[in-house]
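Have a look at the structure below, then the notes.
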Amino acid sequence: MIKGIFFDAADVFYERRESTASFAQELLKQRGYRVDVSAQDLVHQKDLHMQATEGRIGHEEFWSEFLQMRGVVDAAQRQILVQQIIEQAHDVVTIPGGRTAMAALKQRGFVLGIVTDTMYPVEWKMAWLKKVGIAEFIDIIACSTVLGAHKPNPEIYVNAMQQAKIAPSESAFVGHDARELEGARRAGMTTVAVNFDPEAKADFYCTSLLDLLNVPIFQVVAA
């Protein structure tokens, strides 16, 4: 029997009008800076992003490096652009059905949690979830910047289950990303895909957040 349901956050409960990286590139383009970088710089950027997601460097440092790679050499100008990028990151848009679905799942007795990769403080993540009406239903949160591990590493899923004091056989992960769903499966969790990638593989598939209420394993009231 499933006792705990753990969710990805971005692109499950909320989204942005455009990705923050795309927004940053548009800022650069508007100001006459280059957008494209070398393959070597892209590898370096990917490594920096991983470091930021694992909390080894701060989000401001990541975005400053991102801008510097593209020719923004003036530190004061970079700081101004970084603040604009962060403002855009805070502008999240609700994906319909989340609050109703979470309220119903909570009423059915499930432990509800978030398993999230982010370069930003966990307090910001909870503020975004509050903005979209979800935060009050969350019992636990496993955050990459706190743990120093990110999806699809099983460690972050295991941490969530340990916080909830439930076994993998009693746990489900709801996500959209194919790699993250596979990571949850490797951690022993039942997987449920929503707003999912075309190549995503899961035990159950939902057409919307409200459709979560029709998933057979979520029909039974948790002990």
Side-chain angles (χ1 to χ4, degrees), residues 1-16 19 53 92-118 125-126 128-144 147 149-223:
M1 177 186 291
I2 298 298
K3 296 181 180 178
I5 309 171
F6 304 93
F7 299 81
D8 188 12
D11 297 315
V12 171
F13 291 122
Y14 64 80
E15 58 190 351
R16 295 180 175 89
S19 74
T53 301
V92 298
V93 179
T94 305
I95 294 177
R99 182 174 176 81
T100 301
M102 292 293 274
L105 292 171
K106 175 63 72 176
Q107 191 171 29
R108 292 178 188 179
F110 294 102
V111 174
L112 302 177
I114 296 290
V115 180
T116 182
D117 288 348
T118 182
K125 179 70 69 167
M126 291 306 295
W128 300 336
L129 292 170
K130 182 177 181 180
K131 182 178 179 181
V132 301
I134 298 302
E136 68 188 85
F137 304 112
I138 301 303
D139 299 303
I140 67 101
I141 182 165
C143 181
S144 64
L147 293 171
H150 60 85
K151 296 173 287 185
N153 186 332
E155 182 180 343
I156 193 168
Y157 306 95
V158 170
N159 177 270
M161 292 184 283
Q162 288 175 338
Q163 287 188 59
K165 297 180 173 60
I166 56 177
S169 61
E170 300 169 322
S171 306
F173 176 74
V174 178
H176 69 97
D177 182 88
R179 291 175 66 250
E180 294 181 3
L181 286 161
E182 175 59 19
R185 186 196 65 78
R186 293 204 314 270
M189 307 171 86
T190 302
T191 53
V192 181
V194 65
N195 307 327
F196 47 88
D197 298 339
E199 68 273 21
K201 294 181 179 179
D203 297 302
F204 300 94
Y205 298 87
C206 292
T207 57
S208 67
L209 287 170
L210 286 177
D211 195 29
L212 288 169
L213 302 178
N214 300 318
V215 175
I217 56 172
F218 300 157
Q219 294 286 308
V220 179
V221 177

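- Atom-to-atom distance recorded for Met126:CE and Ile134:CD1 is 10.0 Å, nearest 0.5 angstrom.
- Put simply, the side chain of Asp117 gets close to the backbone of Lys151: a donor and an acceptor are under 3.5 Å apart.
- Annotation for Ala178 and Ala200: closest pair CB-CA, 3.8 Å, computed over non-hydrogen atoms.
- In this structure, Phe6 has its ring center no closer than 6.0 Å to that of Tyr157.
- Heavy-atom minimum distance, Ile140 versus Ala160: CD1-O, 3.6 Å.
- Within 6.0 Å of atom CD in Glu199, more than 12 heavy atoms from other residues, nucleotides or ligands are found, so the atom counts as buried in its surroundings.
- Other residues, nucleotides and ligands contribute at most 12 non-hydrogen atoms within 6.0 Å of the CZ atom of Arg179.
- When side chains are defined from C-beta on, Glu182 does not count as touching Pro152, because their heavy atoms never get closer than 4.5 Å.
- Exactly one of Val174, Asn214, Val194 qualifies for a side-chain contact (heavy atoms from CB on, under 4.5 Å) with Cys206. That residue is Val194.
- When only modelled atom types and interatomic distance are considered, Thr116 and Lys125 share a side-chain donor-acceptor pair under 3.5 Å.
- Panel note: side chain Ser144, backbone Thr118; a donor-acceptor pair is recorded below 3.5 Å.
- Interatomic distance, CE of Met102 versus CZ of Phe110, reported as 11.5 Å (0.5 Å rounding).
- Of the charged side-chain nitrogens involved, none lies within less than 4.0 Å of a carboxylate oxygen, so that Asp203 and Arg185 do not count as a salt-bridged pair.
- Side-chain contact between Leu209 and Phe7 is absent, with no heavy atoms from C-beta onward closer than 4.5 Å.
- Between Lys165 and Glu170, none of the side-chain N atoms (NZ, or NE/NH1/NH2) sits under 4.0 Å from a carboxylate O, so this pair counts as no salt bridge.
- You'll find the side chain of Arg99 stays beyond 4.5 Å of the side chain of Val132, heavy atoms only.
- Atom CG of residue Asp211 and atom CZ of residue Phe218 lie 11.0 Å apart, to the nearest 0.5 angstrom.
- Note that CD1 of Ile2 is 7.5 Å distant from OG of Ser169, once rounded to the nearest 0.5 Å.
- Side-chain contact of Asn159 with Gln163: a donor-acceptor pair under 3.5 Å is present, judged by distance alone.
- Of the possible donor and acceptor atoms, one in the side chain of Asp139 sits under 3.5 Å from a partner among the backbone N and O of Leu112.
- Residues Arg108 and Gln219 have side chains in contact (heavy-atom distance under 4.5 Å, counting atoms from C-beta outward).
- None of Val93, Leu129, Thr94 except one satisfies the side-chain contact (heavy atoms from CB on, under 4.5 Å) rule with Tyr14; the exception is Leu129.
- Using a 4.5 Å heavy-atom threshold, the side chains of Phe204 and Leu212 count as separate.
- His150 contributes atom NE2, which lies 10.0 Å from atom CD of Glu180 (distance to the nearest 0.5 angstrom).
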